[in-house]
Amino acid sequence: MIVKVVVDVPTGGTDRLFDYKVPVHLLPMIEIGMRVIVPFGPRKVQGFVISTSEETELETVKEIAEILDVTPVLTDELLQLGEWLTNSAICFKITAYQAMLPAALRAKYKKEIKLVDQNRILEIPEELRVWFEHRDVVDWEEFKSNHVNLLPLIKRAISMGVLEAVYVVKDKVTYKKVKVVEPFCREDLSNQLMHLGNRAAKQKEVIEYFIKFPTAVPITDLIEQAETTRGTIKALIEKNVLVEKELEISRDPYANRSFKRTNPLPLTRNQKKVIEPIYHTIENQKHETFLIHGVTGSGKTEIYLQSISKVIGQEKEAIVLVPEISLTPQMVQRFKERFGSLVAVLHSGLSVGEKYDEWRKIHNGSVKVVVGARSAVFAPFKNIGIIIIDEEHEATYKQEENPRYHARDVAIQRASYYNCPLILGSATPSLETYARAKKGVYKLLSMLERVNDVTLPTVEIVDMREELKSGNRSMFSKLLFDKLTDRISRGEQSVLFLNRRGYSTFVMCRDCGYVAECPHCDISLTYHQTSRLLKCHYCGHQENMPKTCSSCNSEHIRFFGSGTQKVEEEITKVLPGARVIRMDVDTTRKKGAHEKLLTAFAQGKADILLGTQMIAKGLDFPNITLVGVLAADSMLHLPDFRASERTFQLLTQVSGRAGRHKLPGEVVIQTYTPEHYSIDLVRQHDYIAFFEREMSVRKLQNYPPYYFITIVQVSHPEITKVIEVTERIGSFLRRSLSDKAIVLGPVASPIARIKDRYRYQCMIKYKNEPTLLAVLKEINENYKRETQQGTLQISIDKNPFVLM
DNA sequence: AGCACGCCGACT
DNA sequence: GTCGGCGTGCTC
């Protein structure tokens with residue numbers, strides 16, 4: 001039998017199927033969708049079996065070396081999905097398949113140099129002998145880094161046949177093991193009990209425990225449950241009453257937490273109206289995409305939960321995507337509470353091993369629901385009954401590296417394969433999605449009231465220019481300051497939002513206007529107070545804060561703009577005694593830090609929660625009655641056509657944190673452009689008006705949803721090279737596409753240099769361009785040689801989300 | 001990716 | 001005349 005294999009070599013030249021014979025002893029095991037190890041050129045690589053065949057056109061075909069899986073890791077559906085992904089994201093096949101699997105299933109490669117025969121050690125050059133005196137295998141990387149000059153000698157020894165290059169493919173998979181004990185013979189336990197002497201009271205207790213629970217139990221649990229000690233257990237093992245074994249277990253990241261089970265809540269009339277059509281498609285096994293446009297606090301989650309219950313009742317599975325779980329622990333909690341151990345959780349905070357274990361639970365069918373971030377859309381279920389994408393508009397659903405897919409598109413693909421509903425939920429849908437819903441491509445379901453008649457918070461907008469005029473130079477307006485003071489005295493909590501981490505946004509010389517910039521990127525450096533360093537948020541470069549201006553030597557070098565660190569400092573100055581929790585990338589880097597900070601806030605250990613983007617989502621604390629946005633325009637003026645949309649979405653979302661329960665909420669938004677519609681319409685809670693307004697802007701500028709866009713970005717350490725290549729690509733695009741397509745550029749990317757690489761781009765705006773895929777593939781093909789060498793990079797992004 | 005093959009310049 | 005630079009092409 002012949003198998004066709006995609007090999008783990010992500011280049012243009014190898015982006016196809018290779019034929020391999022299956023040796024007789026592997027014939028009974030091999031299946032489509034399994035990982036295999038195959039010889040490829042001089043080495044061995046991992047690959048995926050895509051299809052089988054009885055014959056091959058080739059004369060010489062090698063045999064597969066090993067099968068890595070017992071059951072296929074990719075189902076037929078996922079293999080098909082991978083093919084679709086290859087085209088829609090313009091990536092290599094291998095890249096598409098690997099994106100679907102947890103990192104633990106990706107192979108690791110190692111090259112070793114082996115001494116063929118210890119007796120022939122004298123045949124290798126003298127300088128090399130020390131390495132092989134006490135061992136016959138040497139790690140190539142280790143050797144190479146120590147002795148560059150000896151490489152030719154190694155080569156010669158290999159060609160002489162004394163040494164041999166060995167390529168090892170290692171499966172990264174690790175299973176967590178735990179030591180367990182179980183009775184040697186269950187039936188014999190009571191017999192053993194009688195034979196023990198009276199002095200062995202402790203041992204008797206353990207045996208009695210096993211009579212009650214005669215299954216294997218981890219030693220640590222046994223000590224706790226039977227109130228015994230290691231010594232006692234050991235004695236019983238020596239007497240052959242118990243046996244010790246190693247058992248493979250799943251690492252359960254939520255193991256130490258218990259979840260109180262909840263029952264479905266009674267639905268409000270509006271919720272019933274919304275869930276009705278969803279139930280309908282579930283019952284009729286129809287594919288349909290729904291957009292639930294529901295204001296914050298309107299009870300979308302309960303809709304999700306009850307739809308999933310229905311699906312589980314049909315013996316089917318559910319995928320729930322959330323923007324970033326570590327940011328929304330409350331969401332996970334609600335799923336765990338409702339479905340208990342039927343839920344697997346996949347998010348970036350888990351270790352490689354933990355992710356793999358969660359993946360395995362999905363793969364072997366022991367869970368029915370997965371709640372996860374973007375990549376969970378590839379969960380290897382075999383009978384999906386519903387897919388839900390919460391906060392549908394979030395940028396995290398778009399992967400910004402290859403394969404550059406949008407989870408929403410993948411979800412549509414999978415849901416239509418399984419004839420099941422896809423639900424998109426958001427208080428502020430992306431324009432693309434809402435436009436499709438209005439056109440009837442998606443079915444629109446609206447929930448424009450909060451449950452239990454909780455009113456939406458009142459939003460007040462403060463013009464910071466007026467504040468300045470009236471002599472207030474602090475970062476808090478009078479209104480916000482008064483309200484903050486008021487909350488503290490009443491014992492209620494506030495949330496302060498600022499979209500900038502660090503201390504100051506930039507450092508400038510007051511005499512000459514010099515701004516400290518990253519030497520590797522075209523971006524200004526941010527001062528971090530705690531470390532007293534200037535940091536680049538793009539490449540991680542850091543340097544000491546200069547005492548004098550490096551351009552004119554003046555001492556008048558100052559901080560401008562405020563980051564979260566500076567706000568924190570300011571609060572302690574103007575509101576002494578206020579307890580503040582700051583949440584940004586810098587305070588939440590450590591594992592579990594997120595939850596810790598949020599728990600502390602929930603327990604009332606702080607009056608003010610100050611943070612960046614990450615506090616905008618999912619927080620639901622009854623005691624928050626005030627939300628303050630310090631600088632609403634910070635994202636408004638970014639060079640991105642979605643800047644207004646993002647501002648509106650973010651402000652609406654942050655506002656939604658206030659007054660979600662009994663206490664009414666208030667929001668104060670500080671801005672320098674109060675008249676801008678994306679700020680003003682937040683005050684009125686009017687998404688529809690915002691949609692109409694923004695749509696007219698997009699129409700005028702030929703942007704999505706009226707046009708699709710694709711960006712071809714070129715980067716290289718030399719600016720002349722970048723410009724030259726981008727120009728050639730630009731004219732090629734103009735030449736190849738229809739005259740209805742608009743090709744813009746080449747222009748420098750908004751951040752023209754990152755990590756010492758210059759970046760230029762062309763933007764294509766189009767409505768219907770059937771040849772686009774072929775044209776883009778041709779670009780890749782043309783520059784294959786140079787991109788493979790690594791100096792030139794061409795990235796093609798269909799439907800980019802962040803234009804930076 | 002990794003490696004072999006092969007064609008030009010600077011050495012014994 | 002040979003050694004070795006890295007451009008080019010191939011891997012079932």
Side-chain angles (χ1 to χ4, degrees), chain A residues 1-24 26-27 30 32-68 79 91-99 103 106-114 125 138-145 147-161 163-172 401-403 716-717 721 725 780-794:
Chain A
M1 186 169 70
I2 299 294
V3 285
K4 299 194 181 281
V5 174
V6 172
V7 293
D8 182 14
V9 185
T11 60
T14 49
D15 186 33
R16 58 194 174 91
L17 300 177
F18 288 86
D19 291 4
Y20 286 91
K21 266 192 291 206
V22 183
V24 182
L26 294 180
L27 269 175
I30 193 87
I32 289 173
M34 285 180 167
R35 294 173 306 142
V36 287
I37 293 175
V38 292
F40 196 68
R43 64 211 166 115
K44 283 180 181 157
V45 296
Q46 194 189 67
F48 294 97
V49 178
I50 303 302
S51 60
T52 59
S53 155
E54 282 314 312
E55 51 210 75
T56 175
E57 287 151 25
L58 296 155
E59 299 205 343
T60 49
V61 181
K62 292 186 185 172
E63 289 189 335
I64 60 172
E66 247 177 274
I67 298 178
L68 291 172
L79 284 169
C91 66
F92 302 126
K93 296 181 204 307
I94 190 70
T95 315
Y97 292 125
Q98 291 196 331
R106 199 165 305 163
K108 262 188 175 165
Y109 300 100
K110 220 171 104 183
K111 184 180 172 181
E112 293 168 344
I113 304 298
K114 195 176 159 198
V138 169
D139 185 86
W140 176 245
E141 286 303 317
E142 190 192 339
F143 182 86
K144 211 165 69 174
S145 52
H147 298 281
V148 192
N149 51 328
L150 296 181
L151 297 187
L153 290 180
I154 289 265
K155 237 181 178 172
R156 200 167 317 142
I158 289 174
S159 62
M160 279 164 54
L163 294 182
E164 187 185 10
V166 184
Y167 300 86
V168 193
V169 186
K170 270 217 185 119
D171 208 344
K172 249 190 261 176
E401 62 215 58
N402 280 330
H716 191 275
K721 177 79 186 166
V725 172
N780 269 341
E781 186 64 25
N782 272 332
Y783 289 95
K784 181 165 85 180
R785 189 128 302 125
E786 281 171 279
T787 49
Q788 262 176 52
Q789 286 163 6
T791 46
L792 182 72
Q793 271 176 27
I794 297 179

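Residue numbering restarts at 1 for every chain, and letters A, B, ... go by the order of the sequence lines.
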- Message: Could you tell me how far apart A/K93 (NZ) and B/dA1 (C1') are, to the nearest whole angstrom?
- Response: 19 Å
- Message: Regarding A/K110 and A/E112, does a basic nitrogen lie under 4.0 Å from an acidic carboxylate oxygen?
- Response: yes
- Item | Nucleotide C/dC12, atom C1' - distance to CG of A/D15 in whole Å | 15 Å
- Atom CG of A/L58 and atom P of C/dT11 are separated, to the nearest Å, by 9 Å
- In whole angstroms, the gap separating C1' of C/dT8 from NZ of A/K784 amounts to 11 Å
- Task: Show your working on side-chain contact (heavy atoms from CB on, under 4.5 Å) between A/V725 and A/H716 and close with a plain yes or no.
- Result: CA-CA 10 Å; A/V725 172; A/H716 191 275; over 6 Å; no
- Task: Pick base, sugar-phosphate or nothing for A/Y109, based on heavy-atom distances below 4.0 Å to the nucleic acid.
- Result: nothing
- Query: Checking all strands, does A/V9 fall into the base, sugar-phosphate, or nothing category for heavy-atom contacts under 4.0 angstrom?
  - Reply: base
- Crowding at NZ, A/K111 (>12 non-hydrogen neighbours, <6.0 Å): yes
- Distance in angstrom units between A/I113 CD1 and B/dC3 C1', rounded: 13 Å
- Message: Donor-acceptor check, side chain of A/K62 to backbone of A/G41, threshold 3.5 angstrom: yes or no?
- Response: yes
- Query: Picking from B/dG2, C/dC12, B/dC3, which would you name as closest to the side chain of A/R16?
  - Reply: C/dC12
- Measure the distance from CG on A/D19 to C1' on C/dC12 and round it to the nearest whole Å. 6 Å
- Would you say B/dC3 has OP1 or OP2 under 4.0 Å from some side-chain N or O of A/K111? yes
- Item | Heavy-atom check, side chain of A/Y97 versus side chain of A/L79, under 4.5 Å | yes
- Report the nucleotide, chosen from B/dC3, C/dC12, B/dA1, that has the shortest atom-to-atom distance to any side-chain atom of A/V61. C/dC12
- Check the distance between B/dA4's C1' and A/F40's CZ and give it to me in whole angstrom. 14 Å
- Below 4.0 angstrom from OP1 or OP2 of B/dA1, is there any side-chain N or O of A/Y167? no
- Figure out the CD1/C1' separation between A/I50 and C/dC12, and round it to whole Å. 14 Å
- Query: Under 4.0 angstrom, heavy atoms only, what part of the nucleic acid is A/Y20 near: base, sugar-phosphate, or nothing?
  - Reply: sugar-phosphate
